[in-house]
Amino acid sequence: MGSLSGQALGNVSVGMDASVIIVGAGFSGMAMAIELQKAGIDFLILEKGNEFGGTWRDNVYPGAACDVPSHMYCFSFEPYRWSRSYAMQPEILDYQKHVAKKYNLYRDTRFNAGVQSSEYHEAENSWSVTTTTGQVYRARVVVSARGAIHIPTYPNLPGLHDFKGIKMHSAEWDHSVDLKGKRIALVGTGASAIQVVPELAKVAGQLTVFQRTPAWVLPKLDYAYKEKTLDKLEQKPLSRWLYRKQIYWTLEASAAGFVIDPRVMKVGQLMAYKHLRVVKNKQTRAALTPNYTMGCKRILMSNSYLQAFNLPQVKLVGAVDAITENSVVSAGQAHEVDVIIFCTGFDITGDAAQFAMKGKNGLSISEHWAQGMHAYLGITTHNFPNAYFMAGPNTGLGHNSIILMIEAQARYIGQALTYMKKQGYQSLEVKADDENRFTDEVHAQMSKSVWSSGCASWYLDASGKNTTLWPSFTFNYILKTRKFNPDVYDGQGGTPESKNIVKRLLARI
């Protein structure tokens with residue numbers, strides 16, 4: 001049973017394990033749990049892994065690091081003594097464990113409890129959540145904090161399963177494999193690849209990088225902080241606050257090229273062209289030069305990726321055509337390798353197909369989102385009462401820290417549940433018209449953005465619709481979610497007995 005240390009939502013006599021079940025124990029799940037603690041609402045976190053961390057627990061490939069400045073990639077209410085301007089994976093994971101311990105989140109978390117399915121029960125206005133072990137949990141509310149970057153994808157290539165050597169995805173790294181002196185094929189040139197390539201170049205006998213589309217790469221202002229700087233930021237909260245604000249507005253200003261006028265991106269492209277000069281071979285440099293507007297695909301940052309192609313053991317070739325028992329084929333040429341490492345990203349836009357979630361009348365989330373993911377404020381969707389999404393549709397970012405969006409969503413959900421408790425409602429459901437109006441506004445704004453400039457990217461779903469990113473500034477989203485608006489929701493009360501229970505609970509607050 002979950003802890004009922006906080007006040008319950010609605011009628012708890014139906015054998016619920018908690019008022020709220022949070023699915024996932026990464027940044028989103030942690031933010032939601034802490035917000036519910038503040039609101040005095042009990043919860044239970046279900047986590048498929050054996051520790052907090054989510055993305056930063058699972059992605060342990062060599063060179064794994066964040067591409068958002070450290071002081072922006074943490075909760076605003078929980079600063080940290082970051083060792084460098086851009087944190088590496090181990091330090092981010094340490095930070096998350098620190099937060100989980102400080103806020104006593106371990107007590108209300110069940111690890112190794114991956115969620116297999118969830119179903120809404122209209123008669124009881126509640127959710128049942130079934131784990132992969134077959135255990136069923138019941139709650140009034142479910143919050144999906146599963147994150148967007150957790151389902152690795154592999155390319156659909158001829159012969160993929162015929163390869164006799166070692167295969168691994170960057171998100172499922174096997175550190176028991178000795179890569180020293182091996183002939184390694186690295187497939188993909190996205191965010192993880194540019195961090196992995198320089199590390200593999202140090203140990204590989206031959207590293208062949210298979211590139212379908214080059215990325216815009218900028219230098220990374222990454223450096224270790226001096227001790228006196230660390231002391232100042234730790235001991236002087238105002239200095240730390242001002243430093244964070246400076247970083248925030250610097251990043252926020254860059255959104256102009258993303259969402260107002262893509263022509264602004266030409267400034268960044270000039271910087272990237274200059275950075276490309278570090279590649280000595282003209283043919284390789286040309287192959288690494290993008291032909292689309294910067295920002296249409298994810299902008300990458302590295303001080304060592306481009307330089308790696310100057311090494312004799314590193315070779316850049318084109319896209320993969322097929323895989324054989326002992327080679328990777330590109331442009332008709334077979335490259336014999338011992339190991340294939342896939343840096344081919346995650347299933348972002350098809351996330352709904354990866355988990356079974358049923359709302360009213362047995363409607364599945366995959367059916368509901370068959371024409372593309374959508375949700376009011378990226379948080380709630382019609383036909384799924386008492387269900388909330390963290391980092392949901394169209395709330396990803398291309399220019400600033402996702403933690404900003406996560407905190408805004410957690411605050412909003414906390415307000416929604418507080419309102420629900422005060423009104424004695426057993427369910428809240430966003431109105432279809434309001435959700436549709438918001439979705440139309442988002443995609444109208446998206447049509448003006450750099451992401452609609454013509455390139456193919458993982459931001460787009462199968463129909464070419466961008467259901468991933470927020471097409472505006474983060475401060476606009478924060479303002480939109482600052483205050484819960486009950487007018488766009490339908491609330492449903494319970495039985496007279498349940499209302500009396502709520503009244504008695506409220507009288508004790």
Side-chain angles (χ1 to χ4, degrees), residues 48 55 58-64 114 116 132 149-215 283-284 287-288 297-298 305 308-309 311-355 366 456-458 460-462:
K48 67 178 180 179
T55 295
D58 296 342
N59 285 266
V60 293
Y61 58 83
Q116 184 175 20
T132 51
I149 305 177
H150 70 106
I151 304 173
T153 58
Y154 290 82
N156 185 18
L157 295 169
L160 176 63
H161 303 292
D162 297 333
F163 186 66
K164 301 298 184 183
I166 297 169
K167 291 182 297 188
M168 71 174 82
H169 194 283
S170 59
E172 299 170 328
W173 199 271
D174 185 353
H175 284 276
S176 68
V177 176
D178 183 7
L179 298 174
K180 188 174 182 180
K182 295 290 195 300
R183 297 172 300 176
I184 303 173
L186 187 137
V187 180
T189 51
S192 58
I194 70 161
Q195 295 178 345
V196 170
V197 164
E199 298 303 313
L200 292 181
K202 297 174 183 178
V203 298
Q206 175 69 49
L207 175 61
T208 306
V209 179
F210 292 82
Q211 172 188 269
R212 183 173 57 182
T213 308
Q283 186 176 355
T284 302
L288 288 166
K297 288 176 176 285
R298 184 172 175 177
Y305 173 68
F309 292 100
L311 300 173
Q313 71 272 28
V314 180
K315 180 169 59 175
L316 179 70
V317 297
V320 177
D321 297 327
I323 295 174
T324 71
E325 290 186 357
N326 62 357
S327 69
V328 179
V329 181
S330 176
Q333 181 180 357
H335 302 265
E336 291 190 1
V337 295
D338 307 306
V339 180
I340 303 177
I341 295 173
F342 293 94
C343 291
T344 45
F346 302 85
D347 186 358
I348 308 295
T349 59
D351 189 47
Q354 305 294 337
F355 70 107
S366 58
S457 75
W458 57 263
L460 310 180
D461 63 16

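The side-chain heavy atoms of Val320 and Phe342, taken from C-beta on, include no pair separated by under 4.5 Å. His335 is listed as a side-chain neighbour of Lys315, based on a closest heavy-atom distance under 4.5 Å. A 4.5 Å side-chain heavy-atom check between Leu179 and Ile184 finds at least one atom pair inside the cut-off. Between Val187 and Lys167, the closest side-chain pair of non-hydrogen atoms is not below 4.5 Å.
Residues Ala334 and Ser327 come closest through the heavy atom pair CB-OG, 3.7 Å. When all heavy atoms are compared, the tightest approach of Glu172 to Pro152 is OE2-CG, 3.8 Å. The two atoms that bring Met168 and Asp174 nearest to each other are SD-N, 3.6 Å, heavy atoms only. Between His169 and Tyr154, the shortest heavy-atom distance links the atoms CB-OH, 3.1 Å. Contact detail for Cys343 and Leu186: the closest heavy-atom pair is SG-CD1, 3.9 Å. Taking each heavy atom of Asn59 and Ala64 in turn, the nearest pair found is O-CB, 3.8 Å.
Between Tyr61 and Trp173, the ring planes are tilted. Angles from 30° to 60° get that label.
Here the CG atom belonging to Asn326 is positioned 7.5 Å from the CZ atom belonging to Arg183, to the nearest 0.5 angstrom. Rounded to the nearest 0.5 angstrom, Leu207 CG and Glu199 CD are separated by 11.5 Å. To the nearest 0.5 Å, atoms NZ (Lys182) and CG (Leu200) are separated by 12.5 Å. With rounding to the nearest 0.5 angstrom, the CG atom of Leu157 is 5.0 Å from the CD1 atom of Ile323. Residue Gln116 holds its CD atom at 7.0 Å from OG1 of Thr132, rounded to the nearest 0.5 Å.
With hydrogens and angles ignored, the 3.5 Å screen pairs a side-chain donor or acceptor of Thr153 with a backbone N or O of Gly345. Between the Glu325 side chain and the Phe163 main chain, no donor and acceptor come within less than 3.5 Å of each other. Without hydrogens or angle criteria, Lys297 side chain to Gly190 main chain gives no donor-acceptor distance under 3.5 Å. Checking side-chain atoms of Asp162 against main-chain N and O of Thr324 turns up no donor-acceptor pair under 3.5 Å. The backbone N or O of Val317 lies less than 3.5 Å from no partner atom in the side chain of Gln333, so there is not a single donor-acceptor pair.
Tested against Thr189 for a side-chain contact (heavy atoms from CB on, under 4.5 Å), the candidates Val209, Thr213, Thr344 yield a single pass: Val209.
Counted within 6.0 Å of NE2 on His161, heavy atoms from surrounding residues, nucleotides or ligands total 12 or fewer; the atom is thus considered open. Around atom CZ of Arg212, no more than 12 heavy atoms belonging to other residues, nucleotides or ligands sit under 6.0 Å away.
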